[in-house]
Amino acid sequence: MRAGAAMSADPQLLAAAVEAAIASRSPRLGRAAHARALRLLSPGIPPFICAHLVNLYSKLDLPAAAASALVSDPSPTVVSFTAFISGAAQHARPLPALSAFAAMLRLGLRPNDFTFPSAFKAAASAPTRSAAGPQIHALAIRFGYLPADAFVSCAALDMYFKTGRLGLARRLFEEMPNRNVVAWNAVMTNAVLDGRPLETVQAYFGLREAGGMPNVVSVCAFFNACAGAMLLLPGAQFHGFVVKCGFDMDVSVSNAMVDFYGKCRCAEKAKMVFDVMRVRNSVSWCSMVVAYAQNGAEEDAFAVYLGARRAGEEPTDFMVSSVLTTCAGLLGLDLGRALHAVAVRSCIEANIFVASALVDMYGKCGGVEDAQHVFFDMPRRNLVTWNAMIGGHANIGDAINALAVFSDMIASGETAPNYITLVNVITACSRGGLTKEGYELFETMKERFGIQPRTEHYACVVDLLGRAGMEERAYEIIQRMPMRPSISLWGALLGACKMHGKTELGRIAAEKLFELDPQDSGNHVLLSNMLASAGRWAEATYVRKEMKDVGIKKDPGCSWITWKNGVHVFHAKDTKHEMNSEIRALLAKLKKQMQASGYMPDTQYSLYDLEEEEKESEVFQHSEKLALAYGLIHIPPGVPIRITKNLRICVDCHRAFKFISGIVDREIIVRDNNRFHHFKQYECSCKDYW
DNA sequence: CTAGGGTTAG
């Protein structure tokens with residue numbers, strides 16, 4: 001009697017355990033529910049228990065267990081099948097979902113109004129051009145759920161959008177007898193996803209005109225659209241409305257606002273939204289990190305990351321890949337390594353986004369070997385991974401390896417190259433002096449890879465030809481190109497002209513640059529230096545004077561070095577550093593040793609007509625030399641010295657660093673605003689080709 | 001057992 005009561009009560013307890021496990025998404029509660037179910041597994045189990053189990057395993061994303069529970073159901077119903085289909089669809093496994101749908105039809109089971117939405121969801125993420133969606137649509141009509149059922153028709157609408165059948169989707173929407181918010185939301189969110197943000201905004205106003213009220217989904221979609229189209233004003237106005245309606249209490253809405261302000265270049269507004277949030281989740285923190293990172297505030301981004309950790313947030317794959325991208329923008333090899341360790345501890349280092357970001361970070365921080373380790377350990381690589389690896393080789397001017405990875409990429413068939421791939425490969429060829437190979441790639445990229453050359457590629461090839469001394473050929477290409485030449489294109493030509501003393505052509509490039517970017521100091525300095533080294537002092541001085549008259553300030557050069565958790569910044573002629581006298585003494589000593597090895601100072605770009613001795617003294621106070629001396633004093637032997645400079649490294653410093661790397665037998669890695677220079681045993685990785 | 005939402009990689 002008692003035992004019987006317990007037995008009959010247990011199915012309900014099982015239902016409760018299943019519910020709790022699903023709600024908590026906890027494997028522990030899932031196992032407990034499973035154990036309870038096993039106690040009930042006897043020949044006479046009521047079928048609905050099997051349905052519960054299928055639901056449990058499907059929701060916990062345990063596909064094998066879900067499938068075996070479905071198969072072992074002695075009398076499967078539409079409910080167990082629907083549970084299976086819904087779980088598989090939600091966890092992005094469309095094919096098992098669709099075959100279960102087909103199987104239930106074969107068993108003569110009739111899909112109901114719960115089955116169809118899940119089946120459409122599965123069809124929406126099925127491989128492109130699959131006929132599953134339209135077939136399910138036909139069935140839904142045959143069984144009488146369309147056009148009347150709102151849930152079913154919204155799911156069908158979303159499916160047509162997601163499978164790229166825009167015309168059909170629009171017609172279905174027009175003919176919908178009962179257009180609810182969800183239908184409008186499907187239009188709004190899919191338009192954002194497909195990169196048509198203005199359509200999202202239009203749909204929002206369509207919803208309002210039809211007398212509908214937006215919900216949190218509509219609100220998020222609206223902010224996404226404003227973020228995508230940089231619609232600061234409409235978004236900011238909408239912000240007011242959202243607060244009035246209390247939608248901002250929803251964490252997703254606030255997250256979308258943080259992202260929106262970040263994308264609209266208002267990192268401070270993003271921070272204000274973030275600060276007043278009552279509840280934050282991992283997405284909130286991550287959005288804030290990205291908002292700072294994308295607005296050039298890497299330090300603030302990193303501080304937010306630390307704040308998230310202090311607040312007890314687990315580092316997610318999103319967070320770590322975002323922070324890594326940020327770090328890659330600073331000279332953060334140590335920081336990057338620390339984040340790599342964090343990724344390993346959180347078991348997310350195999351995530352393709354995280355791993356790609358690691359390859360990118362190591363490549364950008366001059367750690368190509370580390371980048372290769374991560375790269376070769378990855379089970380799968382995507383376009384970004386390949387591009388990052390090629391970029392890493394390009395960064396140190398290793399054209400041979402960049403080309404090797406490029407051909408591996410094509411041979412692997414994992415992914416086709418895109419325009420960035422070609423930018424990276426041609427850049428590598430340019431920096432590595434493989435002029436012919438790079439030029440051929442540029443010429444044949446359209447026919448070989450179907451990639452139309454963009455302005456970036458023209459800039460690469462101008463740089464490539466310019467470095468090789470073919471400025472005139474580069475100029476011809478600029479004149480013949482189908483689009484308007486960009487700033488970086490003329491900049492590449494000017495740089496090349498300066499390098500090879502093509503003063504007249506350089507002047508033409510400089511004039512174009514002054515038109516396009518009148519406030520940039522670098523171009524003026526470059527032109528004036530070029531004129532100075534051609535001995536045309538009067539013109540050089542005139543350019544400087546013009547700069548002064550128009551109020552263009554030269555960016556002061558500065559270099560920095562990190563040591564013991566501190567960043568040490570040096571400016572040219574800096575005497576304020578606490579180690580000043582030691583630094584000066586070391587530089588004087590090194591100068592003597594270098595001269596004994598045949599070093600001659602390169603002072604050709606010192607503009608002012610100083611005595612040679614004064615020029616020498618001037619170049620010996622360049623910020624990168626001060627930073628190097630500091631590094632030599634503090635950083636123990638065997639550890640490479642890493643210096644970052646905000647401008648290009650100067651010719652004399654480049655020459656001096658080669659000597660010093662040999663004399664003191666140290667590796668010196670300089671990251672300037674353009675690339676890396678890796679000095680070792682009297683040589684630089686750029687082979688003086690930069 | 002049911003549709004619709006937010007964050008990431010050059």
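Every chain is numbered from 1 and lettered A, B, ... according to where its sequence line falls, protein lines coming before strand lines.
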Could you list the donor-acceptor pairs under 3.5 angstrom formed by side chains in residues 213-221 of chain A, with sequence neighbours left out?
residue, atom, partner, partner atom, Å
A/Asn215, OD1, A/Asn185, ND2, 3.1
A/Asn215, OD1, A/Val217, N, 3.0
A/Asn215, OD1, A/Ser218, N, 3.1
A/Asn215, OD1, A/Ser218, OG, 3.0
A/Ser218, OG, A/Asn185, OD1, 2.8
A/Ser218, OG, A/Asn215, N, 2.9
A/Ser218, OG, A/Asn215, O, 3.3

For A/Phe406, what residues pass the ring pair (Phe, Tyr, Trp, His ring centres under 6.0 Å) criterion, not counting sequence neighbours?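 Partners of A/Phe406 under the ring pair (Phe, Tyr, Trp, His ring centres under 6.0 Å) test: A/Phe449.
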Ring pair (Phe, Tyr, Trp, His ring centres under 6.0 Å) partners of A/Phe222, counting only residues at least two apart: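 By the ring pair (Phe, Tyr, Trp, His ring centres under 6.0 Å) rule, A/Phe222 matches A/Tyr204, A/Phe238.
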Which part of the nucleic acid, if any, lies within reach of [X] when heavy atoms closer than 4.0 Å are counted: base, sugar-phosphate only, or nothing?
X	result
A/Asn281	base
A/Tyr419	base
A/Asn215	base
A/Val216	base
A/Asn424	nothing
A/Thr189	sugar-phosphate
A/Gln90	sugar-phosphate

Reading DNA chain B 5' to 3', which nucleotide is the first, and which the last, to come under 4.0 Å of any heavy atom in chain A?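 Terminal contacting nucleotides, 5' to 3': B/dC1 to B/dG10.
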Can you name the side chain to side chain contact (heavy atoms under 4.5 Å, CB included) partners of [X], sequence neighbours left out?
X	result
A/Asp300	A/Tyr292, A/Ala297
A/Glu414	A/Arg380, A/Arg381, A/Trp386, A/Ser412
A/Ser284	A/Val251, A/Asn255, A/Phe274, A/Met277, A/Arg280, A/Asn281
A/Ala155	A/Pro117, A/Phe120

Report the residues that fulfil side-chain hydrogen bond (donor to acceptor under 3.5 Å, both in side chains) with A/Asn190, sequence neighbours left out, ordered by chain and then residue number.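 In terms of side-chain hydrogen bond (donor to acceptor under 3.5 Å, both in side chains), with neighbours along the sequence ignored, A/Asn190 is linked to A/Asp158, A/Lys162.
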Give me the residues of residues 151-165 of chain A where at least one heavy atom lies under 4.0 Å from an atom of DNA chain B, by number, or none.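 Under 4.0 Å from DNA chain B: A/Phe151, A/Asp158, A/Lys162.
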Sorted by number, the residues of residues 380-395 of chain A with heavy-atom contact under 4.0 Å to DNA chain B: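 Here the set is A/Asn382, A/Val384.
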So which pairs with a foot in residues 219-231 of chain A pass side-chain hydrogen bond (donor to acceptor under 3.5 Å, both in side chains), sequence neighbours left out?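 Listed by first then second residue: nothing to list.
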What do you reckon, are the aromatic ring centroids of A/Tyr362 and A/His373 less than 6.0 Å apart?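 Here the rings of A/His373 and A/Tyr362 have centres that are no less than 6.0 Å from each other.
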Sort out for me which residue in A/Asp360, A/Asn382, A/Asn424, A/Thr421 forms a side chain to side chain donor-acceptor pair (under 3.5 Å) with A/Asn387.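 Filter result, single survivor: A/Thr421.
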